[in-house]
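To start, the structure under review is shown below, and the notes come after it.
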Amino acid sequence: MKRLKKTGLIFFPAFDWAISPTHPEREERLLYTQDQVFEEGLLDFENIVEYKPGLATVEDINRIHICVPDARSVITESHLISAGGAITAAQKVLSGEVDNAFALVRPPGHHAMRVVHGARGFCNINIEAVMIEHLRRKYGYKRVAIIDTDCHHGDGTQDIYWHDPDTLCISIHQDGRTLYPGSGFPDEFGGPNALGTTINVPLPPQTSDEGFLHVLEELILPMIDEFKPDLIINSAGQDNHYTDPITNMRFSAQGYARLNERLKPDIAVLEGGYSIEGALPYVNVGIILAMAGLDYSHVREPDYNPESIRQSEDITRYIREVTKDVMDLWKKRHTFKAEIVKDAKYARRNRNIYYDTDGIREQQEEIVRICNDCGGFIAINSMASTGKRVYAVIIPSRSCDLCRLEGEKQFWSVDKAKLGAHYLILQDRDRDVYIVK
Amino acid sequence: MILGIDVGGTHTDAVLLEDYKVKKKTKVLTNQRHLVSSLLGVMDEILRDENPEALERVVFSTTISTTAIVQGKTDRVGMIVTSGPGLTPQDLPVNEDTRFVSGYMSNRGIEVAPIKKGEIDEALSALKGAGIEHLGIVGKFSTRNPAHEHEIGKLAQDGFRHVSLGHRMSGNLNFRRRIATTYLNASIFDLYTRFVGEIVDFASRTGLKAPIYILKADGGTFEIRQSADQPVQTILSGPAASIMGILSLADCSGSDAIAMDMGGTTTDIALLADGVPLLEPLGVTIEGHKTLIRGMKTRSIGLGGDSRVRVDKEEICIGPRREGPAAAFGGPYPTPTDAMIVLGLTQIGEKARAEAAVAEIAGKMKMSVEKAAQAIFEKTCQGVASAVTSMIEEINNKPVYTIHELLEGKKLRPSRLFIVGGPAEAVAPRLGEILGCEVVIPRNAEVANAFGAALARTTAEITLIAETERGSLTIAEEGIQMKIPVHFTRKDILRIGLEKLRERAAKLGAREADIQTEIVEDQEFNMVRGFYSTGKNIRLKAQVKPGLIVGFGKGGPRS
């Protein structure tokens with residue numbers, strides 16, 4: 001007999017919002033999921049409770065994003081609701097009202113990076129990050145593990161937590177050489193102050209349940225055991241499904257349910273997943289049952305045939321190797337810093353970021369102070385093809401005195417005109433202050 | 001003339017209305033063993049010296065279905081269930097007479113697996129072999145496509161006294177509730193059919209030609225012959241009668257309101273949004289059976305005039321039990337009624353006894369009798385008020401699924417309190433104060449239930465889904481699937497939906513003037529497969545909502 005868990009469900013299908021009428025991120029996306037959840041009568045179970053999503057605020061967004069020109073301009077109401085839904089899920093868990101919670105909301109967020117000039121990968125703001133920083137502010141500081149099980153590399157979440165040693169981001173996804181956004185390789189391993197808290201496991205196309213569960217058992221669960229997070233979050237994309245129209249994987253509803261049963265996330269947040277009829281209704285019912293500790297063994301898709309979606313021996317072998325390689329890297333994570341940093345005081349990253357949904361290009365230079373006491377203060381100089389240029393200084397949560405001092409000095413001394421920046425921003429995450437100059 | 005009769009658990013009330021005025025009213029004790037005879041007795045009495053030809057309508061509200069279920073006096077029912085994948089059978093509300101068979105429809109009502117005749121024949125003969133005479137047939141997503149239920153129903157034509165089909169119970173999705181509802185319907189079918197038979201006989205014996213209606217759980221009525229197939233719709237019609245009573249006795253329109261019936265044992269609370277009672281969104285629950293039957297959203301708390309008052313850990317506790325009448329009427333323990341008597345809020349019973357009982361509490365609490373009475377009274381009012389407040393909060397926190405509703409959604413803010421029942425006069429001012437509501441105590445409240453039944457209109461619902469990609473339109477409650485052209489639009493579904501709703505309401509017994517239709521849900525989705533639109537998924541739900549028949553909307557009849 002499984003132990004029942006009290007599961008909170010925040011269901012917000014946004015039946016009146018779409019990126020465009022035929023876009024995958026459209027009104028119809030959760031329609032059949034709603035039908036399936038209603039027909040199965042899941043909301044009648046004593047241990048499944050549905051909550052109305054709250055609304056996230058601009059302050060919630062500014063705690064983690066640098067939006068250009070400002071938060072209001074890059075979002076719609078629907079983003080405040082989907083981030084608000086994730087926050088509601090977290091609140092219900094942290095207040096002890098429920099054991100775990102699933103925010104079945106849209107639009108998604110895991111491709112939204114720290115700086116936001118527009119939408120990329122259907123995402124404007126990173127709803128998990130907005131949620132995590134909200135709860136860290138309201139419920140005290142937490143060590144958090146984000147397990148991104150979306151088929152696409154969670155590059156936005158990775159970018160946001162790249163320098164945060166207290167947030168473990170593990171993304172498992174279809175190999176970036178074969179799918180958007182083209183990143184997420186094992187050598188993307190975190191910034192110099194947070195080496196090993198960013199983990200990427202690229203999986204070959206046609207990976208099935210066996211492969212995903214192998215990575216879970218041999219890599220994700222051991223890492224979580226060692227990292228000892230206060231909270232586990234599943235960034236629960238559902239586009240690894242064998243019927244997804246824009247990816248090439250072979251994960252099933254049974255596999256998703258099993259993954260959540262084993263991972264035991266405190267909070268799951270829906271990300272991508274565009275097989276709205278063939279996958280989502282069944283995957284979501286499977287996840288809800290698994291989180292609630294109910295029997296999901298009879299959940300399956302209408303066309304489910306485990307034989308036809310079994311992964312090949314080659315793939316099995318390949319995945320074993322990747323898993324082992326990443327594990328080896330993780331075990332040696334503490335030894336890299338001296339080697340990489342040498343005697344440098346700052347580390348620099350220069351990147352070109354493409355916003356596919358809005359067709360915007362961004363050039364970004366990011367400098368982080370090498371620090372052994374905190375995540376290090378960050379200075380970002382970003383210019384987008386929209387012509388907008390922003391310079392931002394970020395003082396990390398629980399910053400050390402030196403990073404605070406240097407960060408503040410940097411912000412107040414920098415010459416806006418000389419930089420050609422339209423906006424000068426200080427995001428003091430330690431004191432929860434956001435200043436635009 | 002209109003005759004309304006409410007057969008309650010304790011009393012049977014009847015009112016005869018003429019020209020919107022009360023011509024006669026009567027109240028007798030219900031004979032639970034011979035429900036029909038006590039009902040017909042009352043009818044006989046109230047119609048004595050009246051011309052049956054002058055009757056325009058007769059409406060009954062009866063506890064017959066509720067009582068049978070509560071007391072377990074139901075028939076054994078065999079169930080044939082096509083469940084497909086999803087929840088395991090152990091998580092479905094089924095009993096040992098349930099047979100699971102192949103066959104499964106997707107959420108769009110597309111057949112994924114066919115039924116197998118051999119399996120069904122075998123299951124049916126096993127059930128027959130066990131001496132089962134009543135059958136329920138339920139499929140997952142049968143409201144999206146009832147074909148399997150129809151086919152199995154055909155195979156079960158012979159050998160059963162009655163077959164209930166799941167999709168007929170409600171157009172809403174919820175497989176578990178569909179199973180429970182269908183089971184209950186079949187289990188009270190015989191009993192209810194006998195009841196209908198006796199009434200119809202009585203009517204023809206006495207030359208009663210007026211249409212006869214039965215009150216449903218949602219506060220609507222349906223014509224008695226139409227009700228025979230759907231006895232489950234009549235469960236829990238008691239609370240519906242009392243709320244419709246308040247609606248008919250007072251003018252409830254124009255603002256949100258609270259309707260409250262404070263009795264000896266419990267206080268029943270319901271809410272009205274602009275004069276319309278709020279309904280349970282999924283369906284009512286009876287004896288642990290969660291059903292799809294639309295019914296009044298009511299909350300019953302164990303706090304009434306006769307609730308026992310005691311002191312526990314230096315705190316005054318009231319209810320939830322009633323251990324007899326108030327001390328002022330010879331009861332064993334102090335009660336809120338005694339406190340009200342002490343405070344002079346009511347002049348009933350023996351004041352000395354009330355004081356003696358409250359003194360017992362005062363002693364334990366180390367306060368004066370007056371203070372103790374005040375404390376008991378205040379606690380009673382606060383208890384009732386907090387139940388009301390949490391119920392309103394729960395409704396206002398109900399999840400919604402569109403941005404528009406989330407941001408603009410209407411909130412329930414009651415500004416009036418309608419209260420009936422024994423302690424109504426005594427508690428009304430204080431309750432009004434706490435809840436910030438104007439208080440109304442309707443007249444003729446002692447026969448409110450019969451009043452409510454007499455004047456309740458016929459309600460009906462209809463649920464339609466059109467899929468232009470497949471060229472199909474499903475009307476769930478009617479079990480109809482029809483072909484539609486690819487250019488079918490939202491306008492078309494509105495037209496057909498309202499037309500079908502009118503037909504359905506008329507069939508159930510509604511007068512033309514009382515069919516006031518309302519759209520409950522109206523959604524249209526582009527269906528996109530690959531990167532191209534393949535059609536539209538258009539959904540419509542419409543209803544004739546609960547209310548009073550035309551002519552009685554404002555302030556009820558004069559007496």
Side-chain angles (χ1 to χ4, degrees), chain A residues 9-18 21-24 26-45 50-55 76-78 80-81 84-85 245-246 253 274 276-278 281-282 285-286 289 294-304, chain B residues 83-93 104-113 140-144 172-180 281-283 285 290 292 396-407 409 465 523-534 536-537 539:
Chain A
L9 186 65
I10 291 85
F11 182 58
F12 193 76
F15 283 146
D16 50 357
W17 185 85
T22 58
H23 195 281
R26 65 179 181 277
E27 298 91 339
E28 188 193 2
R29 185 166 169 230
L30 291 174
L31 184 62
Y32 312 104
T33 293
Q34 173 198 259
D35 288 351
Q36 200 76 31
V37 168
F38 282 9
E39 178 69 353
E40 298 287 1
L42 297 188
L43 300 176
D44 278 336
F45 283 90
E50 188 185 9
Y51 297 100
K52 191 176 183 170
L55 281 174
T76 63
E77 293 298 342
S78 61
L80 292 178
I81 301 172
I246 56 182
Y274 300 96
I276 62 173
E277 192 184 329
Y282 312 98
V285 166
L289 291 178
L294 289 158
D295 189 340
Y296 60 79
S297 61
H298 285 215
V299 175
R300 67 185 136 78
E301 303 80 349
D303 59 353
Y304 179 60
Chain B
S83 127
L87 290 177
T88 52
Q90 92 245 4
D91 283 326
L92 297 174
Y104 139 49
M105 296 287 178
S106 76
N107 49 41
R108 284 174 62 195
I110 298 169
E111 183 182 77
V112 179
K140 192 176 280 180
F141 285 114
S142 65
T143 49
R144 290 290 161 82
N172 291 340
L173 294 178
N174 196 316
F175 182 50
R176 300 169 87 230
R177 285 177 181 255
R178 192 174 307 119
I179 293 173
L282 295 175
T285 300
K290 290 185 173 175
L292 279 170
N396 286 338
N397 284 328
K398 190 172 89 67
V400 293
Y401 299 141
T402 60
I403 295 165
H404 177 76
E405 284 173 286
L406 189 85
L407 300 178
I465 289 199
Q523 291 176 306
E524 184 186 74
F525 297 90
N526 279 324
M527 291 181 64
V528 180
R529 296 298 176 265
F531 289 93
Y532 302 97
S533 289
T534 54
K536 288 190 186 302
N537 183 311
R539 301 176 168 205

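Residue numbers start from 1 in every chain, and the chains themselves are labelled A, B, ... in the order their sequence lines are given, proteins ahead of strands.
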Considering only heavy atoms and a distance below 4.5 Å, find which of B:T285, B:L282, B:V400 pairs most often with chain A. B:V400
Which portion of B:R176 sits near chain A, non-hydrogen atoms under 4.5 angstrom: both
Closest approach of B:Y104 to A:E301 (non-hydrogen atoms, all atoms of both residues): OH-C, 4.3 Å
Hey, is the main chain of A:E277 close enough, under 3.5 Å, to the side chain of B:R108 for a donor-acceptor pair? no
Given that the side chain runs from C-beta out, which part of A:L42 has a heavy atom under 4.5 Å from chain B: side chain, backbone, both or neither? side chain
d(B:F525 CZ, A:R29 CZ) to nearest 0.5 Å is 14.0 Å
Non-hydrogen side-chain atoms of B:E405 and A:F15 separated by less than 4.5 Å: no
Okay, A:L55 and chain B: the region with an atom under 4.5 Å from a heavy atom over there is side chain
Closest heavy-atom pair, A:Q34 versus B:Y401, reported as atoms and distance to 0.1 Å, is OE1-CD1, 3.4 Å
What is the distance from atom CG of B:D91 to atom CD of A:E40, rounded to the nearest 0.5 Å? 10.0 Å
Smallest separation among heavy atoms of B:L87 and A:L289, with atom names: CD2-CD2, 3.7 Å
Suppose we screen for side chain to side chain contact (heavy atoms under 4.5 Å, CB included). Which residues come up paired with B:E524, at least two apart in sequence or across chains? B:R490, B:K536, B:I538
Using non-hydrogen atoms only, which part of B:L406 is less than 4.5 Å away from chain A: side chain, backbone, both, or neither? side chain
Rounded to the nearest 0.5 Å, what's the gap from CG on B:L407 to CD on A:E77? Could you check? 5.0 Å
Under the criterion side chain to side chain contact (heavy atoms under 4.5 Å, CB included), I'd like the reasoning laid out for B:N397 against A:Y51: C-alpha separation, chi angles, the key distance, then a yes or no. CA-CA 8 Å; B:N397 284 328; A:Y51 297 100; over 6 Å; no
Between A:S78, A:P245, A:A253, which residue shows the highest count of heavy-atom pairs closer than 4.5 Å to chain B? A:S78
Quick one: what part of A:P53 sits under 4.5 Å from any heavy atom of chain B, side chain, backbone, both or neither? both
Residue A:I10 versus chain B: region with a heavy atom under 4.5 Å: neither
Between CG on residue B:N107 and CG on residue A:L31, distance to nearest 0.5 Å: 8.5 Å
CD of A:E39 to OG of B:S142: how many Å apart, nearest 0.5 Å? 7.0 Å
For B:T88 and A:H298, which heavy atoms make the closest approach, and how far apart are they? CG2-CD2, 3.3 Å
Is any side-chain heavy atom of A:D44 closer than 4.5 Å to one of B:R177? yes
Quick one, B:N172 and A:F38 - any side-chain contact, counting heavy atoms below 4.5 Å? no
Does A:L43 reach the side chain of B:N174, with side-chain heavy atoms less than 4.5 Å apart? no
If every non-hydrogen atom of B:R529 is compared with every non-hydrogen atom of A:I276, which pair is closest and at what distance? NH1-CD1, 3.8 Å
Residue A:R300 versus chain B: region with a heavy atom under 4.5 Å: both
Separation between CD1 (B:I403) and CD1 (A:I81), nearest 0.5 Å, reads 5.0 Å
For chain B, which candidate among A:V299, A:D303, A:D35 shows the most heavy-atom pairs at distances under 4.5 Å? A:D35
Part of B:K290 within contact of chain A (heavy atom distance under 4.5 Å): side chain
Among B:M527, B:H404, B:Q523, which residue forms the greatest number of heavy-atom pairs with chain A at distances under 4.5 Å? B:M527
